[in-house]
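Accompanying notes for the structure given below.
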Amino acid sequence: MRPCRKNIVLLPVLLSLILGAASAGEMEKKVEGMGFAFLTRERLDCSSAIPIATDTVLMQENRTAPNNVTNYSCSPGLDQSGGERVYRVDLVAETRVTVTLDPADCDLDLWLVRYCDEAYCSEYSAGVDQERLDLCLDDGEWYFVVDGYGGASGDYTVSFTFGDCGAPQEGETCAFPLDLCAYAGGDFEIPYSTLLAEDDYSTDFGGCTGYTAHGGDIVYSVTLDPGGLIDVTQTGDYDMVLYLVTDCEDVVGSCVAGSDNCCSGIIETVTYTSEFGGTYYLIVDGYTGEGSGSLVGTVTGCAGVASENESWGGVKNRFR
């Protein structure tokens, strides 16, 4: 039986000094995921993939599963040397698919790939406890893979639910952002939750925050006059990411400010003064997962907005 504990590749004490207080496992995985290892062309074996067509809950194990893949293109630095259990989902139309993985006592991760090929990894969840993917997927064949981090193996429960993607909610994408200028003119504290949010936007290694961001995200917009200021601190109960962009089609190339500290519960702060003015999108994201918290800060110099404080009663009903 493979061990449920993973190999230590960096000194936890040194990491804690550099990155702040957090669990050693979570810190190690985040730092390891920064690696630029080339993807080994091993090829996932889907010949025994379990077909999933309706809402399903399964109790499984990966002890006896083959280990054909150790790296996925989504995050090639993470060692996935445990056995893989593969699940196939065939969709005839765009569908919301939610997959939740609950390991019994091991560090198992959840991956989504197309074409039964780890080089076509679409999304992943790689924390140290429960893993979850909640996505609107196009029609076609998709493969969800349960793999073991650092050779981990053990029992787990995995659940699949299917639903209607429906109309986009306010804040779901840059096409339907929440208006941060509604809170201009004074200090604010805005509660938020990404627990039902999809992963619409992500950053790449070395771009904007220096890390990837594969958690669910919500979007706020702010249109500033020249000299306008946005100063926001993100608090929450998960490993958060916060970044400010001008073009949501190119979040890395258009990023003007970003923050991603390790690990769960560690605050993120974005402060930016617009030299020429314009519209910016503040993306509230997560390193690999979702959670809830608050945005605390101030916005000044919103285009067309008076500097007087807006009353609390005028903004509280806008909370997500």
Side-chain angles (χ1 to χ4, degrees), residues 33 36-56 58 60 62 65-101 108-127 131-149 156 158-165 168 172-173 197-205 207 212-217 248-252 285-290:
F36 291 90
F38 290 102
L39 184 67
T40 304
R41 298 297 294 132
E42 299 158 307
R43 202 55 187 245
L44 190 65
D45 181 7
C46 297
S47 60
S48 299
I50 300 171
I52 305 293
T54 60
D55 291 359
T56 304
L58 297 172
Q60 302 263 266
N62 73 323
N67 174 33
N68 294 309
V69 175
T70 56
N71 300 109
Y72 295 79
S73 60
C74 292
S75 187
L78 287 180
D79 171 19
Q80 298 291 302
S81 53
E84 300 105 35
R85 289 291 181 200
V86 184
Y87 305 87
R88 189 185 75 245
V89 174
D90 296 313
L91 303 178
V92 298
E94 184 183 56
T95 305
R96 189 181 196 101
V97 182
T98 303
V99 183
T100 304
L101 168 66
L108 304 180
D109 296 330
L110 182 62
W111 305 82
L112 172 64
V113 304
R114 296 216 78 167
Y115 315 117
C116 186
D117 191 337
E118 70 277 6
Y120 290 88
C121 179
S122 298
E123 304 290 344
Y124 72 99
S125 178
E131 310 298 348
R132 184 172 181 269
L133 291 175
D134 181 23
L135 306 162
C136 271
L137 300 179
D138 293 333
D139 61 294
E141 197 171 78
W142 298 87
Y143 294 89
F144 290 89
V145 185
V146 174
D147 210 332
Y149 174 69
Y156 63 88
V158 61
S159 65
F160 295 80
T161 60
F162 298 84
D164 186 358
C165 289
E172 184 172 327
T173 67
E198 296 179 17
D199 177 21
D200 295 298
Y201 306 103
S202 297
T203 61
D204 294 328
F205 290 125
T212 59
H214 288 280
D217 43 54
C248 294
E249 297 298 319
D250 182 16
V251 297
V252 174
D285 211 332
Y287 174 60
T288 60
E290 292 77 35

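Numbers here are sequence positions counted from 1.
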Q. Any side-chain heavy-atom pair from L58 and Y156 closer than 4.5 angstrom?
A. no
Q: Assess whether side-chain hydrogen bond (donor to acceptor under 3.5 Å, both in side chains) is satisfied between Q80 and W111, documenting all intermediate values.
A: CA-CA 10 Å; Q80 298 291 302; W111 305 82; 3.0 Å; yes
Q: Identify the two heavy atoms, one from T56 and one from I52, that lie closest to each other, and give their separation to 0.1 Å.
A: OG1-CG2, 4.0 Å
(Q) Looking at every non-hydrogen atom in both residues, tell me the closest pair between Y115 and R43 and how far apart they are. (A) O-NH2, 3.7 Å
Q: Measure the spacing between SG of C46 and CD of E141 and express it to the nearest 0.5 Å.
A: 8.0 Å
Q. When rounded to the nearest 0.5 angstrom, what distance separates CG in D45 from SG in C116?
A. 7.0 Å
Q: Taking the side chain as every heavy atom from C-beta outward, state whether E84 and N68 have any pair of such atoms under 4.5 Å apart.
A: yes
Q.
To check you understand the geometry: which heavy-atom pair defines the closest contact between S73 and A119, and what is its length?
A. OG-O, 3.0 Å
Q | For E131 against A126, the heavy-atom pair lying closest together | A | OE1-N, 3.4 Å
Q. Can you name the nearest heavy-atom pair linking L135 to E123, along with the distance?
A. CD1-CG, 3.8 Å
Q: May I ask you to say whether D134 pairs ionically with R96, meaning some side-chain N is under 4.0 Å from a carboxylate O?
A: yes
Q.
Main chain of S81, side chain of T70: is a donor-acceptor contact present, judged purely on distance under 3.5 Å?
A. no
Q) Atom OG in S122, atom CZ in F144: separation rounded to 0.5 Å? A) 9.0 Å
Q: Measure the spacing between OH of Y201 and CD of E249 and express it to the nearest 0.5 Å.
A: 7.0 Å
Q. Less than 6.0 Å separating the ring centroids of Y124 and Y72?
A. no
Q. Can you tell me if E290 uses its side chain to pair, donor with acceptor, with the backbone of A197 under 3.5 Å?
A. no
Q.
To check you understand the geometry: which heavy-atom pair defines the closest contact between V158 and F160, and what is its length?
A. CG2-CE1, 3.8 Å
Q | Any L110 side-chain heavy atom under 4.5 Å of V146 side chain | A | yes
(Q) Using only atom types and a distance under 3.5 Å, with no angle test, would you say the side chain of D109 pairs donor to acceptor with the backbone of D147? (A) no
Q. Are R114 and W142 in a cation-pi setup, meaning NZ or CZ lies under 6.0 angstrom from the ring centre and within 45 degrees of the ring axis?
A. yes
Q) Quick one: are F162 and T98 in side-chain contact, heavy atoms under 4.5 Å? A) no
Q | Rounded distance [0.5 Å steps], CG in L91 versus SG in C136 | A | 10.5 Å
Q.
Within this structure, what is the CG-CG distance for the pair D285 and D199, rounded to the nearest 0.5 Å?
A. 6.0 Å
Q. Does the side chain of Y87 come under 3.5 Å of the side chain of Q60 through a donor N or O and an acceptor N or O?
A. yes
Q: Answer yes or no: is there a side-chain heavy-atom contact under 4.5 Å between L101 and V99?
A: no
Q. Between L112 and V97, is any pair of side-chain heavy atoms under 4.5 Å apart?
A. no
Q | Trace of the side-chain contact (heavy atoms from CB on, under 4.5 Å) decision for L137 with T95 | A | CA-CA 5 Å; L137 300 179; T95 305; 5.9 Å; no
Q: Keeping the roles fixed (side chain from N62, backbone from R85), state whether a donor-acceptor pair exists under 3.5 Å.
A: no
Q) Counting distance only, does the side-chain N/O of S202 pair as donor-acceptor with the main-chain N or O of A213 below 3.5 Å? A) yes
Q: Give the intermediate values and the outcome of side-chain contact (heavy atoms from CB on, under 4.5 Å) for residues L44 and D117.
A: CA-CA 6 Å; L44 190 65; D117 191 337; over 6 Å; no
Q) Within a strict 4.5 Å, meaning less than it, do heavy atoms of the V92 and D90 side chains meet? A) no
